[in-house]
2 protein chains.
Amino acid sequence: MGADGTSRFDPAIGRRLRGLREARGLSLSELARRAGVGKATVSGLEHGTRNPTLETMYAIAAALSVPMSALTLDPGAPAGAASPVRGAAVVSTLLEVFREPGATYEMFRLRILPGAEQTSPAHPPGVTEHLSVIRGTIRTGPAAAPLTAAAGEHLSWAADAPHVYAALGGDEAQAILLIRTPHSPPLRSPNV
Amino acid sequence: MGADGTSRFDPAIGRRLRGLREARGLSLSELARRAGVGKATVSGLEHGTRNPTLETMYAIAAALSVPMSALTLDPGAPAGAASPVRGAAVVSTLLEVFREPGATYEMFRLRILPGAEQTSPAHPPGVTEHLSVIRGTIRTGPAAAPLTAAAGEHLSWAADAPHVYAALGGDEAQAILLIRTPHSPPLRSPNV
DNA sequence: CCCGATCGTTCCGTTTACGGAACGATTTCA
DNA sequence: TGAAATCGTTCCGTAAACGGAACGATCGGG
């Protein structure tokens with residue numbers, strides 16, 4: 001909570017909330033009733049004077065029949081919200097992560113820049129990469145035996161050996177990459 | 001806060017947090033330091049025993065360099081209306097399937113044909129869909145509150161309520177879709 | 001081996017979020 | 001018109017989130 005009584009997070013959240021509420025023709029009081037939260041809470045969130053808990057946020061989002069991201073995130077932001085990580089030839093942006101008892105999945109969007117090649121070190125044993133090419137043509141996979149895939153094609157390889165990424169044809173390529181990391185080894189971020 | 005001391009929101013948030021943290025090779029203590037929050041808070045969130053405030057959530061997401069939505073999977077809209085209508089707006093190609101002890105992941109490439117909208121029935125409880133738009137603009141997600149995403153953007157929603165797919169703008173759209181189905185239900189193909 | 005550093009969990013005093021109630025303003029309806 | 005209902009803001013007692021400290025466990029290095 002800021003010294004002036006306002007919240008430290010983006011005040012746009014309160015504006016978005018109010019916009020959604022009014023679009024549904026709900027009064028503040030009615031929304032609070034439906035969400036099972038206090039009117040003071042809804043009022044405070046709309047005005048940026050309260051810092052609600054996660055439960056409260058979910059309750060409000062559910063009462064509005066919207067996903068949480070409708071309140072907490074700019075709709076157009078996903079691609080830009082995570083910080084892209086730039087390597088020699090690859091710019092990767094994390095889209096989502098899933099943790100299972102035995103493995104973690106990370107989903108990235110990749111931009112592979114022309115004119116350069118990137119070699120990634122071996123991931124720990126058992127890590128696999130699964131790449132679906134969106135645009136352009138990519139040479140990728142195990143450094144010892146790279147594969148080539150064009151837009152619309154899909155590749156998988158074991159990433160526990162050095163592997164490469166390069167865009168062919170002089171144009172930037174793009175892909176969706178899913179990294180599956182079995183548990184046991186310490187997890188590390190992309191090393192794409 | 002539930003009577004048994006656990007939180008009422010989706011415990012997957014804590015799992016996702018832990019997965020991301022470990023993927024970054026961060027200890028709980030280090031993440032807490034970077035986020036400027038207490039270790040007890042991070043520990044409590046990972047174990048579902050605390051209900052953090054929005055500020056705290058943002059601080060943690062920022063420390064992980066991920067958007068908030070990477071942590072807060074959209075709960076989706078309440079079950080909306082009627083019986084799903086299966087149309088012919090979507091052509092889906094299964095790319096890969098990953099089976100984990102607790103869940104199965106199916107990765108598809110979708111072509112969404114213009115001029116039609118397809119509504120999918122609710123999947124069993126807990127099923128989620130995660131879609132990254134490759135080309136065009138798509139309206140998709142919970143039928144009660146559909147979202148729009150253009151090429152380069154990423155969306156997620158709970159698929160245990162009816163959900164829709166439509167290409168906007170008169171052109172075919174394309175996307176990569178990841179469906180996560182927690183175990184118990186038998187596997188089924190897309191119901192897209 | 002011992003010691004220091006770090007870990008994640010728990011403790012606990014402090015701060016703050018919670019929602020019911022109070023309140024003045026506004027709206028609705030007979 | 002007047003009464004009742006509802007509104008959104010504020011108040012305030014209660015519960016819970018906060019983070020620093022304590023603690024036992026683990027790890028790494030001399």
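Below, read A as the first sequence line, B as the second, and so on, with proteins coming before strands; counting in each chain starts at 1. These figures come from a predicted structure and were not determined experimentally.
A:Glu22 has its CD atom 13 Å from the P atom of D:dC7, to the nearest Å. As a whole-Å value, the separation of B:Glu46 CD from D:dA17 C1' is 17 Å. Atom CZ in B:Arg18 sits roughly 12 Å away from atom C1' in C:dC7 (whole-Å rounding). Distance, B:Glu55 CD to C:dT15 P: 16 Å, rounded to whole Å. If you measure from atom CG of A:Leu45 to atom C1' of C:dT16, you get 15 Å, rounded to the nearest angstrom. Summarising the geometry, the separation between CG on B:Leu54 and P on D:dC18 is reported as 11 Å, rounded to the nearest angstrom. The distance between atom CG of A:Asn51 and atom P of D:dC18, rounded to the nearest whole Å, is 8 Å. A straight line from CD of B:Glu30 to P of C:dG8 spans 10 Å, rounded to a whole angstrom.
Closest approach to the B:Thr53 side chain among D:dC7, C:dC7, C:dA17 is made by C:dA17 (side chain taken as heavy atoms from C-beta onward). Minimum atom distance to the side chain of A:His47 is reached by D:dT9, of the listed D:dT9, C:dC7, C:dA17. Among D:dC18, C:dG19, D:dC7, the nucleotide with an atom closest to any side-chain atom of A:Thr41 is C:dG19. Picking from C:dT9, C:dC7, D:dC7 the nucleotide with the shortest atom distance to the side chain of B:Ser43 gives C:dT9.
Scanning for salt bridge (charged side-chain N to carboxylate O under 4.0 Å, His left out) contacts around A:Glu153 gives an empty result, with sequence neighbours left out. Applying the side-chain hydrogen bond (donor to acceptor under 3.5 Å, both in side chains) criterion to A:Arg24, with sequence neighbours excluded, gives no partner residue. Qualifying salt bridge (charged side-chain N to carboxylate O under 4.0 Å, His left out) partners for B:Arg111, counting only residues two or more places apart in sequence or in other chains: B:Glu172. A search for ring pair (Phe, Tyr, Trp, His ring centres under 6.0 Å) contacts involving A:His154 returns nothing, not counting sequence neighbours.
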Quiz item: If the sugar-phosphate is the primed atoms plus P, OP1 and OP2 and the base is the rest, what is the B/S/- string for nucleotides 20-28 of chain C, using protein heavy atoms under 4.0 Å?
Solution: B--------
Quiz item: Between B:Glu30 and B:Arg21, does a salt bridge (charged side-chain N to carboxylate O under 4.0 Å, His left out) hold up when you go through it step by step?
Solution: CA-CA 10 Å; B:Glu30 180 61 27; B:Arg21 174 168 69 77; over 6 Å; no
Quiz prompt | Residue pair A:Ile176, A:Met107: steps toward the side chain to side chain contact (heavy atoms under 4.5 Å, CB included) verdict | solution = CA-CA 7 Å; A:Ile176 298 290; A:Met107 190 174 183; 3.9 Å; yes
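For the helix from C:dC1-D:dG30 to C:dA30-D:dT1, the rotation axes defined at the first and last 5 base pairs enclose an angle of 30°, given to the nearest 10°.
The 5' end of DNA chain C is approached more closely, in terms of each residue's nearest nucleotide, by B:Leu28 than by the other of A:Gly36 and B:Leu28.
Expressed to the nearest 0.5 Å, how far OG1 of A:Thr137 lies from CG of A:Asp171 amounts to 9.0 Å.
The shortest distance between the side-chain N/O atoms of A:Arg33 and the OP1/OP2 oxygens of D:dC7 is below 4.0 Å. OP1 or OP2 of C:dC7 has at least one side-chain nitrogen or oxygen of B:Ser29 nearer than 4.0 Å.
Identified under the salt bridge (charged side-chain N to carboxylate O under 4.0 Å, His left out) test for residues 173-182 of chain A, with sequence neighbours left out: A:Arg180-B:Glu100. The list of side-chain hydrogen bond (donor to acceptor under 3.5 Å, both in side chains) pairs with a residue in residues 35-45 of chain B, not counting sequence neighbours, reads B:Thr41-B:Arg50. Note on residues 133-147 of chain A: pairs passing salt bridge (charged side-chain N to carboxylate O under 4.0 Å, His left out), not counting sequence neighbours, are A:Glu117-A:Arg139.
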